[in-house]
Structure formats: C-alpha cells, structure tokens
Amino acid sequence: QVQLVESGGGLVQAGGSLRLSCAASGRTFSRYTMGWFRQTPGKEREFVAAIAWIGISTYYKDSVKGRFTISRDNAKNTVYLQMNSLKPEDTAVYYCAAARVVGEMSALGTYDYWGQGTQVTVSS
C-alpha cells in the first residue's frame with residue numbers, strides 16, 4: 001500500500017511559478033512510476049507529466065512542455081512538479097499518482113494509487 005500526499009498548491013498570477021510536492025509512504029517508492037494529473041470541474045482528469053522509476057525518462061502533456069518539470073528524489077520518497085510561466089488554463093486540482101507496473105504513462109488506468117489533490121489557481 002502506498003499513500004500519497006500532495007502539497008504546494010495555491011493562488012498565483014499568470015506568469016508566476018509554483019512547485020508541487022508529493023510525499024509517498026512505502027519502502028519501494030523508487031520502484032514506482034510517478035505521475036501528475038489535473039482536473040477541473042465537469043472535465044475528465046487529464047495527464048500532465050510522468051517520470052519513470054529510475055528518474056531518467058520523463059513524459060509531458062504537450063501544452064506544458066517547456067514550462068513544467070517533473071523530478072523525483074527517491075531518498076526522500078518525494079516527486080515534484082515545478083510549474084513555470086503559469087497560465088489561467090493551468091488552473092485545476094492537481095493529483096499525484098503511483099504505478100507499480102510500467103504501462104502507458106498518460107493513461108489513468110496505469111496508476112494504482114492516488115493522492116487527494118492540491119488546488120492550483122492561476123489568475124489573469
């Protein structure tokens with residue numbers, strides 16, 4: 001069992017930055033693929049970014065490439081999402097997720113564990 005707790009969300013003006021953190025419990029954190037997803041009211045949860053367990057391979061939604069960076073610190077059981085040049089359309093609840101088995105990185109069904117989410121609001 002893995003528990004995920006997100007933090008770092010908040011209100012920021014367009015063009016600003018935030019860094020989200022996701023702290024994971026469990027001794028095998030380094031073996032999990034980790035992902036970030038986001039959701040706005042009335043819409044499906046969508047993929048944002050993912051990082052493989054060895055931290056070399058990363059994947060991004062096209063609209064965040066060049067602005068967001070996913071990283072992980074396996075010693076701290078933590079994954080991060082650095083978000084720069086934020087836009088109002090980035091406003092959403094952001095969720096951290098963990099996958100035991102490598103699969104399609106952008107697919108919701110790949111992930112076994114989810115955090116409760118953290119709100120990010122970008123004002124124009």
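Reckoned from all heavy atoms, side chains included, excluding hydrogens, waters and symmetry mates. Since this is a predicted model, take the numbers as computed values, not measurements.
Atom CD of Gln3 sits in a sparse spot, with 12 or fewer heavy atoms from other residues, nucleotides or ligands closer than 6.0 Å. Surrounding CZ of Arg100 are at most 12 heavy atoms belonging to other residues, nucleotides or ligands under 6.0 Å away. By the neighbour-count criterion of 12 heavy atoms within 6.0 Å, atom CD of Glu89 is densely surrounded, having more than that number from other residues, nucleotides or ligands.
Atom-to-atom distance recorded for Cys96:SG and Trp36:CH2 is 5.0 Å, nearest 0.5 angstrom. The structure places CE of Met34 at 11.5 Å from CG of Leu81, a figure rounded to the nearest 0.5 Å. We find the CG-OG distance between Leu86 and Ser123 to be 10.0 Å, quoted to the nearest 0.5 Å. In this structure, Ile70 CD1 and Ser57 OG are separated by 11.5 Å, a value rounded to the nearest 0.5 Å. To the nearest 0.5 Å, atom OG1 of residue Thr58 and atom CZ of residue Phe68 are 14.0 Å apart. One distance of note links OH of Tyr111 with CE of Met105; it measures 6.0 Å at 0.5 Å rounding.
In this structure the side chain of Val79 reaches within 4.5 angstrom of the side chain of Ile51, judged on heavy atoms. In this structure, the side chains of Thr91 and Thr40 stay at 4.5 Å or more apart for every pair of heavy atoms. Contact of the Glu46 side chain with the Lys61 side chain is registered, since non-hydrogen atoms from C-beta on lie closer than 4.5 Å. For the pair Val2 and Tyr32, the minimum side-chain heavy-atom distance is below 4.5 Å. At a threshold of 4.5 Å between non-hydrogen side-chain atoms, the residues Glu6 and Ser21 do not count as touching. Under the 4.5 Å side-chain criterion, counting only non-hydrogen atoms from C-beta, Leu20 is in contact with Met83.
Considering all non-hydrogen atoms of both residues, Gln39 and Lys43 come closest at NE2-O, 3.1 Å. Nearest approach of Thr33 to Ala52, heavy atoms of both residues: OG1-CA, 4.2 Å. Taking every heavy atom of both residues into account, Ala24 and Leu4 meet most closely at CB-CD2, 3.5 Å. Among all heavy-atom pairs drawn from Ser17 and Asn84, the shortest one is OG-OD1, 2.9 Å.
For the pair Arg19 and Tyr80, the distance from NZ or CZ to the six-membered ring centre is under 6.0 Å and the angle to the ring normal is within 45 degrees.
Criterion: ILVMFWY side-chain heavy atoms under 4.5 Å apart, direct or through other members. Under it, Tyr60 and Phe47 are not part of a common hydrophobic cluster. Cluster membership for Tyr113 and Tyr94, using ILVMFWY side-chain heavy atoms within less than 4.5 angstrom, is shared. Residue Val64 is not grouped with residue Leu108 when hydrophobic side chains (ILVMFWY) are merged at heavy-atom distances under 4.5 angstrom, including chains of intermediate members.
Counted by atom type alone, Asp73 and Thr78 present zero donor-acceptor pairs between their side chains at under 3.5 Å.
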I'd like to know whether Asp90 forms a salt bridge (charged side-chain N to carboxylate O under 4.0 Å, His left out) with Lys87, so could you lay out the CA-CA distance, the side-chain angles of the two residues, the decisive distance to 0.1 Å, and finally the verdict. CA-CA 5 Å; Asp90 295 317; Lys87 303 176 181 180; over 6 Å; no
Worked check of ring-ring contact (aromatic ring centres under 6.0 Å, His included) between Tyr95 and Phe37: CA-CA 5 Å; Tyr95 297 89; Phe37 289 75; 8.8 Å; no
List the steps and the verdict of side chain to side chain contact (heavy atoms under 4.5 Å, CB included) for Arg45 and Trp114. CA-CA 12 Å; Arg45 194 169 296 187; Trp114 294 84; 3.3 Å; yes
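The backbone N or O of Glu104 lies less than 3.5 Å from a partner atom in the side chain of Thr110, making a donor-acceptor pair. Looking only at distances, no side-chain donor or acceptor of Arg38 sits under 3.5 Å from a matching main-chain atom of Val93.
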